[in-house]
There are 2 protein chains.
Amino acid sequence: MAFTSVWLREPRKPGGPGRSREEIVAAAVELLDEEGLDGLSMRKLGARLSAGATSLYWYVATKDELLELAYDQVWGEMTVADPDKVGWRDAVSVLAHSMRQVMLRHPWLADLLGRLPALGPNALHVADRMRRMFKVAGFRGSDVDFAGATLTAYVFGMTTPEIAWNSAMGETGDDTEEMRATVRRAVAEFPEMIEGVDMNARADPRAMRELSFDFGLVSVLDGLERRLTT
Amino acid sequence: MAFTSVWLREPRKPGGPGRSREEIVAAAVELLDEEGLDGLSMRKLGARLSAGATSLYWYVATKDELLELAYDQVWGEMTVADPDKVGWRDAVSVLAHSMRQVMLRHPWLADLLGRLPALGPNALHVADRMRRMFKVAGFRGSDVDFAGATLTAYVFGMTTPEIAWNSAMGETGDDTEEMRATVRRAVAEFPEMIEGVDMNARADPRAMRELSFDFGLVSVLDGLERRLTT
DNA sequence: ACCTGAACACCGTTCAAGT
DNA sequence: ACCTGAACACCGTTCAAGT
């Protein structure tokens, strides 16, 4: 009914007997990394902690709360540089690359971003530092938020399809050759698309994605920088 | 095992007795619009077509195939302008706004983007035309794809959180006042964030999101344009 | 060719009951 | 304070059987 989040209510007092929140979250992240979002069920997580499936409900009101916790946990892996030392453009750039790497390391993140509120301490810390970066750059007022939203939208939007591609490939094995043939067939009636598929035929897809990410990131940063000079 | 998609195999010959694929897809989109991704189950969709839950498996191999069909269906709602007539920047801009509107109209799209392959005719048509736009702009080689990826990443990444916000608000009712208070509490230790929350306190959130989207879109377009002048 | 119902192996969550 | 098992109301998908 009301807007809720794990972070908006008091947690169980830690330090008692029984499992700790950290233990549970760590196990959840493990399971998510191994089996993906669909692989995480309360029963499986319970088993991994050698507990009954429903014991978890003592620590967590709902599965979504558990996901919020796991979510914030990995936000802690982001690298935030100090814009006063390295300059805002480098700081933002490092953060963007770091966000991408964390997402690639935890592919289930893509499914959660934008679906869950990001009010955990780690997520807030990153957001706080990012605001700082754009203020150092010279943005003022709402533009600070707009710039931040633009940057994260880009990174998130660029990395999500990359993850999907990875996992599609992971399941298929690396028969890139055969699948390119089928894609070419699907694309047969679209002249521009044929050109695109053919052009990328002999490129290394992994390297290509790095190039693409950097191309877009530079574009976004240039475009943001332009907002400052008027 | 192998990489699959509805679009890569022959459909049931249409025109026979029984339900048509269009009928089923239309019902699926309806149900998705009304109840969201979690609201669509094979049983509910079957009921809506006054059929047994499992009858659908005659037309569709799996639920994901059904989603692929619904997915491509709404790609058909995108507005694609002719860059030779209106210029590449306007054409891209119109497409970007259109993508956002379609996503807001079908919030479940956000959950599917990047999760499913987009090999349907409507999605390919849009991609084809977008490639055209960036070629008219002057991009060559892989840069055409990079520019397209950047643009769609931005729109997708920007609109996904907007949808999440909308649905969170939809469930809560519009007690924006109370929830801003709780957010402020969560954010208490992060000085930059406090400023951000306070600043936006009396702004109309809906108008704010339009502004934010346009700010970012102009930035992305400026940044892309800059790639052309070197 | 098309549709059905029963069945299988799962889910998240509640709750009374145990220690 | 913490944990359990049984139970409820769901899932997607398979398959033998019907018309």
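Every chain is numbered from 1 and lettered A, B, ... according to where its sequence line falls, protein lines coming before strand lines.
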ring-ring contact (aromatic ring centres under 6.0 Å, His included) contacts in which one or both residues fall within residues 34-62 of chain A, not counting sequence neighbours
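Residue pairs passing ring-ring contact (aromatic ring centres under 6.0 Å, His included), neighbours aside: none found.
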Going by the ring-ring contact (aromatic ring centres under 6.0 Å, His included) test, which pairs reach into residues 92-130 of chain A, not counting sequence neighbours?
A/H97-A/F213, A/H106-A/W108
Using whole Å, what does the distance between atom P of nucleotide D/dC8 and atom CE of A/M42 come to?
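The answer, rounded to whole Å, is 21 Å.
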Nearest-Å distance for atom pair NZ/C1', residues B/K44 and D/dG12
14 Å
Salt bridge (charged side-chain N to carboxylate O under 4.0 Å, His left out) with A/E162: which residues, sequence neighbours excluded?
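A/E162 satisfies salt bridge (charged side-chain N to carboxylate O under 4.0 Å, His left out) with A/R100, A/R209 only.
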Using the salt bridge (charged side-chain N to carboxylate O under 4.0 Å, His left out) criterion, which residues pair with A/R105? Sequence neighbours excluded.
A/E77
side-chain hydrogen bond (donor to acceptor under 3.5 Å, both in side chains) partners of [X], counting only residues at least two apart:
| X | value |
| --- | --- |
| B/R9 | B/E65 |
| A/S98 | none |
| B/R132 | B/D84 |

Give the table of side-chain donor-acceptor pairs shorter than 3.5 Å for residues 187-199 of chain A, with sequence neighbours excluded, one pair per line with atom names and distance.
from   : atom 1 : to     : atom 2 : distance (Å)
A/E192 : OE1    : B/K135 : NZ     : 3.4
A/E195 : OE1    : B/K135 : NZ     : 2.8
A/E195 : OE2    : B/R131 : NH2    : 3.2
A/E195 : OE2    : B/K135 : NZ     : 3.2
A/D198 : OD1    : A/R184 : NH1    : 2.3

At 4.0 Å (heavy atoms only), tell me whether A/R43 reaches a base, stays on the sugar-phosphate, or touches nothing.
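Contact class for A/R43: base.
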Do any of residues 46-66 of chain B sit with a heavy atom less than 4.0 Å from DNA chain C, and if so which?
B/A51, B/G52, B/T54, B/S55, B/W58, B/Y59
A/D204 CG: over 12 foreign heavy atoms closer than 6.0 Å
yes
Which helical stems does DNA chain D take part in, if a stem means at least 3 consecutive Watson-Crick or G-U pairs with both distances below 3.5 Å?
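Looking at DNA chain D, the stems formed by three or more consecutive pairs are C:4-8 with D:12-16, C:12-16 with D:4-8.
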SB check A/K63 A/E68 (cutoff 4.0 Å):
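Judged by the 4.0 Å cut-off on N to carboxylate O distance, A/K63 and A/E68 do not form a salt bridge.
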Under 3.5 Å: donor-acceptor pair, side chain of A/T159, backbone of A/V155:
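Yes, A/T159 side chain to A/V155 backbone: donor-acceptor pair under 3.5 Å.
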Donor-acceptor check, side chain of B/E23 to backbone of B/S20, threshold 3.5 angstrom: yes or no?
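Here the side-chain-to-backbone pair exists.
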Could you list the protein-to-nucleotides 17-19 of chain C atom pairs, N/O on both sides, closer than 3.5 Å?
none

Here the residues of residues 32-40 of chain A within 4.0 Å heavy-atom distance, strictly under, of DNA chain D are none
Would you give the length of the straight line joining atom CG of A/L37 to atom CG of A/L31, rounded to the nearest 0.5 angstrom?
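A/L37 CG to A/L31 CG: 10.5 Å, rounded to 0.5 Å.
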